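Here is the structure we will look at, set down as structure tokens.
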Amino acid sequence: MSRYDPAAIEPKWQKAWEEAETFIARRDESRPKYYVLEMFPYPSGRIHMGHVRNYTMGDVVARYKKATGFNVLHPMGWDAFGMPAENAAMERGGHPKDWTYSNIATMRGQMKPLGLSIDWTREFATCDPDYYGQQQAMFIDFMEKGLVYRKAAVVNWDPVDMTVLANEQVIDGKGWRSGAPVERRELTQWFFRISDFAEELLEALDSLDNWPEKVKTMQRNWIGKSRGLQFAFSLVNGPHGHDRIEVYTTRPDTLMGASFVAISPDHPLAKVLERENPEIATFNAEARRLGTSEEEIERAEKKGIDTGLRVRHPFDENWELPVWIANFVLMDYGTGAIFGCPAHDQRDLDFARKYGLPVIDTFVALEGGEPVKDAAFVPPKTEKVRWLKNFAWPEIATGEEAIEAAIRFCEKHGIGQGVTKYRLRDWGISRQRYWGCPIPVVHCEACGTVPEKKENLPVLLPDDVTFDRPGNPLDRHPTWRDVPCPRCGAPAKRETDTMDTFVDSSWYYARFTNPWAKTPTVPEDVDYWMNVDQYIGGIEHAILHLLYSRFFARAMHICGHLPAKSKEPFEALFTQGMVTHEIYMTRDERGRPVYHLPEEVEKTEAGARLKATGEPVEVIPSAKMSKSKKNVVDPEAIIAQYGADTARWFVLSDSPPERDVEWTAAGAEAAHKHLARVHRLAAEIAASSEAGSPEADEELRRAMHRTIHDVTMGVESFGFNAAIARLYAFTNTLARSKAGAEAKREAMRTLAQLMAPMTPHLAEEVWQMLGGEGLIAEAPWPKADPAMLVEDTVTLPIQINGKRRSEIVVPKDLPREEVEKRVLQDEAVQRALQGGAPKKLIVVPGRIVNVVV
RNA sequence: GCCCGCGUGGUGGAAUGGUAGACACAGGGGACUUAAAAUCCCCGGGCUUCGGCCAUGCCGGUUCGAGUCCGGCCGCGGGCACCA
């Protein structure tokens, strides 16, 4: 009898699938299609367990759907542009292109042994000129449709390295390499008009029935629709040209509680004032050191400076409010100016207490009604409160009612307008970097910004660049920028900004339907293959990637690259949990963190230390595996030791797919043992000719159909771990069964089929051992016979006052009165009743009985 | 700080508002063996006066019945627009 030998089995069946072209997707209008897509990986260098988990889940769905009769598309590609390639070039020399393609080759080589049912003929990388050339063509289409524009926007500027920094490169307000305090700098940049679609993107969320509610909630909050009042305070003593401050508020009902006006340090008025007033200049400069990230700004200590300017309250000429500059007011949201109502906003209250500004209660709770002290009074807007400063509604009213009344009042008196605003901002896609898709635009002195001619696409990235100094090599390239204007032919300059890599990942799903087309998409292929029926990826992409993709699909539709049905390109979304791991950190001589891979660290009783130097290592609790933190586990060793099926089985079995899983090597051994047991059992059954009793045969068949049912439900609902638990149980049943050889062979073949999506190589092997016809990968999914699922009797637990005390076994369809009778005869019930009658007797048919005494 | 999640034995986890701990891991005991490995079988939430009692992060609520629903805390994780 041969032993389970994955090293022999797995390559054999992978070759068989390849020769049979089992997973090559071909358009076939006569069959229903199913498009399974996992978020494609960034080619960081090695695959990690998160990838294995992600792609195995997708593979289970793809193989299952194929078995149930669908024509499946399951492609793979690479999200290949981005910062790490340039960082690698700066750190180690070499070219981002070589680094990227070599990583792709390595990772493809690591992925192929997993035996994924991927159509590799469709593989592409977003840095392939073929792909980004089509992206440039679409950019030009977007320009024509008015979906693109330029405006000034702030970036993090490193004044020493003279370069733009990503938010992640700003650490405590300093550049990660130079250590210099970061400044905000304005640059003219390219934007997509996603905010024009805010309402549509919000409303359409309701139609995404197969998306997780939490993702839709996050997107709703991100879009941030609000109703409020826009109005202006008139300035009493404004500088020349500034006689008013435009303000937006969602709480106009609290206008009588206003105690100050605060403007952003980036507000035009703040910029005028800083020219005259050194203190204000210092304050603003300090505020701008926070960089551009909202998180940084919100978490910083709330500070302000009194400008000395005063505004008039719109309701009262004689009521003057001070104007402050505050570091927490964002220029990007609303008008960049607010009024503060400390009684009903905690942040405003903290600010008022800090700077001795008045706190004016405008409403109090119906009961109690204490004036505000240290905690702002912020009840839900739907709660009725007692108003002390109502101006257009009754004394007792909800916030909602008061807001609407306040807006109507202000509109009627010409004070302001009710407006709807969205938090969602336009999508800035300019990056001052080399390794990205060049924006296909030429700047001409006579013609302005002119799109490149489509026949000149792709605008290729030049290969002859160096990364020996910071900044964008495209800017300093001697010749690349010099091109004739596509319109007038005069000497002109190319745009040197490249696109945000989120653009690349916003349409790759559509490109997979025909990756080699000479246009971005081909109508017949997108019509047939779109939409993605099941999209699978990390929850960390819940907002940006998914929202951008939803916008991009709409923009592609407007330009004729996608049909109307694809405006929402992902029919169903599943967000898997992350694979987490501890982080190992030391610090360099300047105190900056240095991260280490798990294999570089050894853990002893005295603590963790570096294997190479013995230097103590700080262990930070588990977090998402990320290349920057280096807390990644390499699955290659697991695959080499146990085989791909063990790795696949293990990542699916131990944890529910949507939950995070902390990687641990323990347990892989157990998974392997189980697969070896299945193999051994199959061999025994294949060689057996024992006769069994009809009762044992029947019992095994019932268990088999129950398992088919449960596993099918599990796979359909992403309950992979539960499905695997059922498979464990059925293996135990089968191993102990006294059924005859024929019944066991049938059960074993079925077990192989049910395991095939998870452990496809072993399943093929077992299938072959038991005389299964053809490839199991091509075999139809087993069907549970409903008649075999019905049980004749049920066990009813009996609760007394909600606690389980006993149970009775009754025929399935026993009438309620009869059940009640038998319950009352039960020993435990009689003891509890002590001769009395129950207060209440609840019978949930087929489930439970509760006796209330 | 703001938005969104999650929290169950020693461990990973199971449980349409209906028997809390399925299925595994680790552990304990046994069988087989000269022995070991491998394999197979059995036992494992805590306390108990053996009647029961206490247990799903903590505190309250709704319900005949709450891990599940509601409110408030605590802890952890994800996102916060230039990481992907």
Side-chain angles (χ1 to χ4, degrees), chain A residues 39 41-42 44 79 81-84 87 155-156 164-170 194 212-215 217-222 224 291-300 302 328 332 346-347 423-433 500-502 504-505 538-545 547-548 575 577-578 580 621-624 626-628 653-656 658-662 664 666-667 669-671 673-674 676-677 680 719 721-722 724-729 732 735-736 795-799 801-807 831 838-842 844 847-852:
Chain A
M39 291 178 185
Y42 179 81
S44 54
D79 188 13
F81 276 134
M83 252 180 6
N87 291 340
V155 293
N156 299 308
V164 177
L165 298 176
N167 282 337
E168 109 172 326
Q169 296 172 321
V170 180
I194 189 173
E213 208 50 52
K214 63 181 169 189
V215 173
T217 304
M218 282 189 256
Q219 292 213 354
R220 276 188 200 105
N221 291 339
W222 187 262
T292 62
S293 99
E294 187 177 318
E295 183 190 358
E296 234 10 274
I297 293 164
E298 289 281 331
R299 280 158 76 98
K302 311 290 182 283
F328 56 83
D332 285 327
Q346 190 60 45
R347 195 174 57 183
R423 204 185 75 102
L424 179 66
R425 309 199 293 258
D426 277 333
W427 176 8
I429 62 150
S430 283
R431 296 294 179 270
Q432 294 71 39
R433 286 184 232 294
D500 178 9
T501 56
F502 274 124
D504 313 336
S505 55
I539 186 68
E540 66 270 29
H541 295 295
I543 297 174
L544 293 179
H545 163 61
L547 193 60
Y548 289 151
T575 54
M578 288 165 301
T580 63
S622 272
K624 174 177 77 157
S626 79
K627 41 196 178 299
S628 60
S653 67
D654 238 27
S655 179
E658 68 279 7
R659 208 186 286 187
D660 290 354
V661 58
E662 162 120 37
T664 135
E669 177 71 31
K673 276 184 190 172
H674 178 72
R677 183 182 182 215
R680 195 166 53 241
N721 56 325
I724 282 181
R726 300 297 305 129
L727 289 168
Y728 267 110
N732 289 336
R736 287 164 205 171
T795 303
L796 285 184
I798 299 176
Q799 293 182 332
N801 291 338
K803 298 199 173 190
R804 184 191 165 281
R805 281 297 123 90
S806 183
E807 62 183 34
R831 190 163 56 223
K839 256 191 217 158
K840 210 168 178 181
L841 187 56
I842 293 148
V844 184
R847 302 251 22 154
I848 203 164
V849 178
N850 192 9
V851 185
V852 186

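Letters A, B, ... are given to chains in the order of the sequence lines, protein chains preceding strands, and every chain is numbered from 1. Computed from a predicted structure; not experimentally measured.
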Record whether the side chain of [X] comes under 3.5 Å of the base of [N] through a donor-acceptor pair of N or O atoms.
X        : N     : value
A/Arg299 : B/G1  : yes
A/Glu295 : B/C80 : yes
A/Gln432 : B/C82 : yes

Taking NZ, NE, NH1 and NH2 as the nitrogens, is one of them in A/Glu658 or A/Lys214 under 4.0 Å from a carboxylate oxygen of the other?
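Salt bridge between A/Glu658 and A/Lys214, a charged N being under 4.0 Å from a carboxylate O: no.
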Nearest-angstrom distance from the residue atom [atom1] of [X] to [atom2] of [N]:
X        : N     : atom1 : atom2 : answer
A/Arg220 : B/C80 : CZ    : P     : 20 Å
A/Asn721 : B/G12 : CG    : C1'   : 10 Å
A/Arg659 : B/A15 : CZ    : C1'   : 12 Å
A/His545 : B/G78 : NE2   : C1'   : 16 Å
A/Leu424 : B/C2  : CG    : P     : 22 Å

Nearest atoms (heavy-atom pairs only) where [X] meets [Y]:
X        : Y        : result
A/Thr292 : A/Asn156 : N-OD1, 2.9 Å
A/Thr501 : A/Phe81  : CG2-O, 3.3 Å
A/Ile724 : A/Ser653 : CG2-CB, 3.6 Å

Checking base pairs now: Watson-Crick or wobble, both atom distances under 3.5 Å. What partners B/A84?
none
Using Watson-Crick or G-U wobble geometry with both distances below 3.5 Å, tell me the partner of B/G7, or none.
B/C74
Looking at every strand, decide which applies to [X] at a 4.0 Å heavy-atom threshold: base, sugar-phosphate, or nothing.
X        : value
A/Ala670 : sugar-phosphate
A/Asn221 : sugar-phosphate
A/Trp222 : base
A/Phe502 : base
A/Asn732 : sugar-phosphate

B/G9, syn or anti by chi within 90 degrees of zero:
syn
Where the chi angle of B/G44 falls, syn if within 90° of 0 and anti if not
syn
Short side-chain N/O contact from A/Arg677 to OP1 or OP2 of B/C40, under 4.0 Å
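Affirmative; the distance criterion is met.
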Are OP1 or OP2 of B/C54 and a side-chain N or O of A/Lys803 less than 4.0 angstrom apart?
yes
Distance, C1' atom - from B/U33 to B/G27, rounded to whole angstrom
23 Å
